[in-house]
Participant: 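Here's a structure for you.
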Amino acid sequence: MTDALRPMTAKPRLYEQVLDRLRSYAAEGGLGAGDRLPPERDLAARLGVSRASVKQAIVVLEVQGLVEVRHGGGTYLVRDTLDAEPVEQLVERRRRLPDVLDAREALETKLAELAAERRTDEDVSAMDSALVHMRDEIQAGGHGIEGDRRFHAAVTAAAHSGILAEFMRSIADQITESRHESLRQPSRPTRSLTQHRAIFDAIVARQPGRAAAAMRRHVQTVARVRLLDWDPEENDEQGS
């Protein structure tokens, strides 16, 4: 059918070559969402590499939300392509994500506290609308990304702090990255919605300490992502 799985030559980060071959294999074979990749043992034999190098490539695809690895059941495409960002960009994103999450915890915890003290009826309406939007996105099969963005923006507005809002705007792109990273984790959208509601309830009740604690728990959940468990240099072997 295709020679995408022909034996490989050695070079640094051999798993990157495995990734290239898997992308070609999926494209040339017309694979789409729900289709299964060959077992790791078969891939390693056909590519002439170790199973460790194949496993590392599969982990990268999993981190990028392109495949789902089912325990004992194989690896399945989540989308109709295995094309994604270059590994070097992924490595850079992994490098800066902890700093972004630290900043989010510091800023958003304080914003939730202030929102509970200062929120207006209009602020409550905006937060409630964002939660409804996120719920509808999830029920439609999405990740709730836009609803998530709207909710955190509404909390920021409800704090009525121009300086903190400016700080949030200054890292908006990085926050967007962390949002996408978190919400594509299995079962995460529903959990995030539940945590948002806990934050909302505390703000509505004008309980600053409770609101801050709920936001801190939420951002700590956001920090638990597959990307941070991935070691780009792990099992980077040069052959079988």
Participant: Check whether any side-chain heavy atom of Leu97 lies under 4.5 Å from a side-chain heavy atom of Val225, and answer yes or no.
Facilitator: yes
Participant: Not counting sequence neighbours, which residues clear ring-ring contact (aromatic ring centres under 6.0 Å, His included) with Phe200? List them please.
Facilitator: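 Here no residue qualifies.
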Participant: Are side-chain heavy atoms of Asp35 and Tyr76 found at a separation under 4.5 Å?
Facilitator: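 When only atoms from C-beta onward are counted, Tyr76 and Asp35 do not touch, as no gap falls below 4.5 Å.
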Participant: Can a donor-acceptor pair be found between the side chains of Arg36 and Thr75 at a distance below 3.5 Å?
Facilitator: no
Participant: Show every side chain to side chain donor-acceptor pair (under 3.5 Å) that has at least one partner inside residues 160-173, sequence neighbours left out.
Facilitator: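 Sorted result for residues 160-173: Asp123-His160, Glu166-Arg169.
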Participant: Not counting sequence neighbours, which residues clear side chain to side chain contact (heavy atoms under 4.5 Å, CB included) with Thr156? List them please.
Facilitator: Leu111, Ala165, Met168
Participant: Just by distance, no angles: are the side chains of Gln195 and Thr221 close enough, under 3.5 Å, to form a donor-acceptor pair?
Facilitator: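 There is such a pair (donor and acceptor under 3.5 Å, judged by atom type) between the side chains of Gln195 and Thr221.
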Participant: Quick one: list whatever passes side chain to side chain contact (heavy atoms under 4.5 Å, CB included) with Ser192, sequence neighbours left out.
Facilitator: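 By the side chain to side chain contact (heavy atoms under 4.5 Å, CB included) rule, Ser192 matches Met134, Leu183, Arg188, His218.
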Participant: Applying side chain to side chain donor-acceptor pair (under 3.5 Å) as the test, list every pair that has at least one member in residues 127-141; sequence neighbours left out.
Facilitator: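 Residue pairs passing side chain to side chain donor-acceptor pair (under 3.5 Å), neighbours aside: His133-Arg150.
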Participant: Keeping the roles fixed (side chain from Arg118, backbone from Ala159), state whether a donor-acceptor pair exists under 3.5 Å.
Facilitator: yes
Participant: Is there a donor-acceptor contact under 3.5 Å linking the side chains of His196 and His152?
Facilitator: yes
Participant: Please list, chain by chain and in numerical order, all residues satisfying side chain to side chain contact (heavy atoms under 4.5 Å, CB included) with Asp83, sequence neighbours excluded.
Facilitator: Arg23, Thr81
